[in-house]
Amino acid sequence: MTSTHWGTYRVHTKDGSVTALEGFERDEDPSPIGQGIVDVLDGPLRIKAPMVRRGWLESGPGNAEGGRGADEFVEVSWPRAIALVTGELNRVRDRYGNQAIYGGSYGWSSAGRFHHAQSQLKRFLNSIGGYTYSLNTYSYAAAEVTLPYVLGDFYSMVNGATSWDVIKDHTDLFVAFGGAPVKNGQVTNGGVGRHVQKQGMLDAAANGVKVVNVSPLRSDVLDEMDADWFAIYPGSDVALLLGIAHTLQEEKLADTEFLSTYTVGYDRFLQYLLGKTDGIVKSREWAEGKTGMPASRIRDLARDMARQRTMISVSWSLTRQDSGEQPFWAATAVASMLGQMGLPGGGIGFGYSAMNAIGANYQGVPGASLPQGKNPIKSFIPVARVTDLLLQPGEQFEYNGVTGMYPEIKLVYWVGGNPFHHHQDLVRLRRAWQKPDTVIVHEWCWNAQAKHADIVLPAATFLERNDIASSSRDPFLVYMQKAAEPVGLSMTDYEIFSELAQELGSREVFTEGRNEEQWLNIIYDETRQKAGESGIELPGFKDFKAKGWFENSMPNEPKIFLKNFRDDPKGSALRTPSGKIEIFSEVVAGFGYEECPGFPYWNDPKEWLGQESPEYPLHLISNQPKTKLHSQLDHCQRRFKSDPLIGNIAG
Ligand SMILES: Nc1nc2c(c(=O)[nH]1)N[C@H]1C(S)=C(S)[C@@H](COP(=O)(O)OP(=O)(O)OC[C@H]3O[C@@H](n4cnc5c(=O)[nH]c(N)nc54)[C@H](O)[C@@H]3O)O[C@H]1N2
Ligand SMILES: Nc1nc2c(c(=O)[nH]1)N[C@H]1C(S)=C(S)[C@@H](COP(=O)(O)OP(=O)(O)OC[C@H]3O[C@@H](n4cnc5c(=O)[nH]c(N)nc54)[C@H](O)[C@@H]3O)O[C@H]1N2
Ligand SMILES: [Mo]
């Protein structure tokens, strides 16, 4: 068996080679993404030996002057590669200090608790004095930082979404900003045992839940759900939400009792809605100009939302844009005005179908992971500032009420992520990427990330090592059994770092004298103990390995977001300063950020279709890929509908 972020599979092999992946028998709706690994494992783009960029090898470390991403690569032996990497780590540490190493290394890596590539890198770098790190994710960074001020927490709010079974029985109207794209529900970080997202949605629709899709793409909601579709200008959701809020206020549809019992700051927000602070009334006519949605439609939608049980769903994509702090806040304000927070099927949910787990009502297994050690270095960046970091050393940045400074980076070490997939403005990134003295990458295929490195170390894939997959978002624990030998000279990240640590004198700290098998035992034991504390009884490691998987089948209550808070606003107070939903946040206002004054606020995006005379009349939506996870397996053949072993979740 094996596990991936996109599902669990049985692996078929013949003569030591992987021939097929078959959907796990407990999964009624397996993802076809998994099959992609088969033809690339030993394919022409596999990195089979350590490789060094010719320009770096000949001229040594320094500004690559355009060579990174352009030069050819030269194969070197493992001993030579280890000597080059350790020599360079020592040079940079001695001359500039550990903060000159950027180890943020954002990325999804693969499933599996032990071989999680980022954890491996961070543990290794911590064993030799630390690195400049990054905070938050590309997924929803702006919300991760803002939502705690509004609702007291972020992760529990995302994971606590009201489950589809409740929506099915209680919701009348499901208004989906950014849709509920089932293509994304194929995935959960850390592994998926059973895909339940699609069925949850279909059942709800079949039971009469009316869906409204507010999105540039009609396909963001399944055809079977027969949604009404409003294709507002991308990036204009906050304007629509303000137009709805204003209409609710004007038509006396706002639930004043809910607002006074459960929220603070509505008055301040109202001043802004009514134009008292800036002279602009955020009416539906105003919103029409910003969104392209007719004012009469906005009015009808607001009335529809007020007269029946309504769930507002806001996609994570809304936060990955200009002023991404605002959409979740604005949607929370509207949901508060509707007064249905904490009632079955009403209120708000963050990211239905962004992952399989959002809207599922099962309980995960609290798992252990590889300890990363302590990073003594204090310099950090907000994750998506990597280009600025490289281009603007010494410059200050503002983040969450504090002022930070970009250190000068001499060495970039990246394992298990692909900034040439994930970053915005790749032309600028590519320019910035020339600046450091050295870029080191572990990869298993020649993707853009590997091609832009100086030293590329060949990593084994998840099918070429043993591991344990578990996610606090998923009820399954899977033993990922090695199915084939590592191709060529590739090694696991753990083996590579162990060799490097040996040369650098930190092997004992890094490995604690353990091999893969011993680490898996430790991780399993700890998982078993933690699970036990939550009343989940795991079998012994041997039995678990023999069966290959474990399911936490503890019955779960249907989930209702913020139910406890509604039932007992004092006893189950939110972790905001007031203990209530903060439609206005004194703390955020205190930061003094013009574009984020402490309540849901509209800023005209720098570029958008609502501009009076846009320079570019087209808007590109570069959403998450339907047939891949990010850039992973991008070069595989497409074995989709034709494959009898695998279902067809993505259509
Ligand atoms: N235009 C656009 N850009 C986006 C997004 C978008 O929607 N549109 N989405 C954003 C979001 S939300 C995210 S989370 C990011 C995702 O960005 P990333 O997480 O960086 O993307 P991945 O392709 O998953 O990168 C993982 C890399 O790790 C490698 N890898 C896998 N397993 C291993 C291993 O065991 N060892 C080693 N050494 N390497 C391994 C894979 O080959 C791959 O190159 O992208 C962001 N960027
Ligand atoms: N198959 C697959 N599934 C994935 C991933 C993957 O790479 N492949 N990545 C995973 C990751 S890391 C994450 S973070 C989640 C992300 O999950 P989401 O944030 O849901 O991902 P997207 O597909 O980028 O966005 C959903 C939809 O929002 C719409 N949209 C874009 N901009 C706007 C806007 O301004 N307003 C409105 N109303 N709609 C807009 C787009 O049409 C898009 O299809 O997905 C996860 N699931
Ligand atoms: Mo993400």
Side-chain angles (χ1 to χ4, degrees), residues 4-6 31 33 40 47 105-112 115-118 120-121 137-141 176-189 213-221 230-238 240 291 313-322 324 327 350-356 358 383-384 414-424 426 441-450 456-462 464-465 467 490 492-494 496 605 608 619-635 649-650:
T4 67
H5 300 303
W6 45 90
S31 164
I33 295 176
V40 301
I47 304 167
S105 188
Y106 182 81
W108 268 53
S109 318
S110 39
H115 289 290
H116 183 242
Q118 256 202 64
Q120 290 284 348
L121 172 68
T137 64
Y138 275 74
S139 312
Y140 34 42
F177 292 84
V182 79
K183 69 179 171 70
N184 293 350
Q186 288 173 97
V187 162
T188 291
N189 55 330
N213 179 21
V214 181
S215 168
L217 301 185
R218 171 171 280 183
S219 59
D220 279 337
V221 171
F230 296 114
I232 61 171
Y233 302 143
S236 71
D237 300 80
V238 170
L240 173 54
T291 62
S313 166
V314 272
S315 153
W316 297 349
S317 62
L318 268 52
T319 69
R320 291 197 299 280
Q321 48 178 270
D322 213 355
F350 304 101
Y352 281 104
S353 203
M355 286 189 190
N356 182 56
I358 311 292
V383 69
W414 218 295
V415 178
N418 181 358
F420 287 88
H421 163 75
H422 69 228
H423 198 63
Q424 63 274 29
L426 295 179
V441 164
H442 302 186
E443 256 300 344
W444 62 270
C445 64
W446 284 110
N447 59 10
Q449 167 74 340
V456 181
L457 303 181
T461 66
F462 60 95
E464 298 159 334
R465 60 197 189 202
D467 212 335
S490 66
T492 67
D493 296 299
Y494 182 65
I496 299 173
W608 109 111
H619 188 116
L620 177 70
I621 298 293
S622 60
N623 58 350
Q624 306 283 7
K626 174 168 153 179
T627 60
K628 301 284 185 295
L629 175 75
H630 314 138
S631 70
Q632 301 198 36
L633 309 176
D634 203 25
H635 52 300
I649 193 172

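We count ligands from 1, going down the list as the structure has it; atoms in each ligand are counted the same way. The figures that follow rest on heavy atoms only: side chains count, while hydrogens, waters and symmetry mates do not.
Val40 and Leu633 get closest at one heavy-atom pair: CG2-CD2, 4.0 Å. Of all the heavy atoms in Val441 and Ala450, the pair that sits closest is CG1-CA, 4.3 Å.
Between Tyr140 and Trp316, the gap from one ring centroid to the other is short of 6.0 Å. With ring centers used as reference points, His619 lies 6.0 Å or more from Trp608.
Using bins of under 30°, 30° to 60° and over 60° for the plane-to-plane angle, the ring pair Phe462/Trp6 lands in the perpendicular bin. Between His422 and Tyr106, the two ring planes are perpendicular [angle over 60°; tilted spans 30° to 60°].
For ligand 2, none of its N or O atoms has an N or O atom of Met355 under 3.5 Å away. Any N or O atom pair closer than 3.5 Å counts here, and Gly235 shares at least one such pair with ligand 2. The shortest N or O to N or O distance between Ser236 and ligand 2 is not under 3.5 Å. Considering both main-chain and side-chain atoms, Val214 comes within under 3.5 Å of ligand 2 through a nitrogen or oxygen pair.
Taking every heavy atom of Leu217 and a limit of under 4.0 angstrom, the matching atoms of ligand 2 come to 42 (O), 44 (O). Heavy-atom contacts of Ser215 reach the following atoms of ligand 2: 29 (C), 38 (N), 42 (O) (cutoff under 4.0 Å). Counting the atoms of ligand 2 from 1 in the order shown, those under 4.0 Å from a heavy atom of Pro181 are 26 (C). Residue contact check: Asp220 has heavy atoms under 4.0 Å from atoms 27 (C), 28 (O), 29 (C), 41 (C), 42 (O), 43 (C), 44 (O) of ligand 2. Residue Gln186 approaches ligand 2 through these ligand atoms, each under 4.0 Å from one of its heavy atoms: 1 (N). Interface atoms of ligand 2 facing Asp237, defined by a heavy-atom separation under 4.0 Å, are 34 (C), 35 (O), 36 (N), 37 (C), 38 (N). Ligand-side atoms of ligand 2 in range of Gln321: 34 (C), 35 (O), range being under 4.0 angstrom from any heavy atom. Within ligand 2, counting atoms from 1 as listed, the ones closer than 4.0 Å to a heavy atom of Lys626 are 1 (N).
In terms of modelled atom types and a separation under 3.5 Å, the side chain of Asn184 and the main chain of Met355 share no donor-acceptor contact. Within the 3.5 Å criterion, the main-chain N or O of Arg218 finds a donor-acceptor partner in the side chain of Asn213.
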- Where do Arg320 and Ser315 land on the side chain to side chain donor-acceptor pair (under 3.5 Å) test, with the steps shown first? CA-CA 10 Å; Arg320 291 197 299 280; Ser315 153; over 6 Å; no

- Could you walk me through whether Asp493 and His442 pass the side chain to side chain donor-acceptor pair (under 3.5 Å) test, one step at a time? CA-CA 7 Å; Asp493 296 299; His442 302 186; 2.9 Å; yes

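Residues with a heavy atom under 4.0 Å from ligand 1: Tyr106, Gly107, Trp108, Ser109, Ser110, Ala117, Tyr138, Ser139, Arg320, Val415, Gly416, Gly417, Asn418, His421, His422, His442, Glu443, Trp444, Asn447, Ala459, Arg465, Asp493, Ser622, Asn623, Gln624, His630, Ser631, Gln632.
Considering only residues two or more places apart in sequence or on other chains, Phe230 meets the side chain to side chain contact (heavy atoms under 4.5 Å, CB included) condition with Val212, Met293, Arg297.
Neither the backbone nor the side chain of Ile232 comes within contact range of ligand 2; no heavy atom lies under 4.0 Å.
Distance OG1/Thr319 to CG/Asp237: 11.0 Å, rounded to 0.5 Å.
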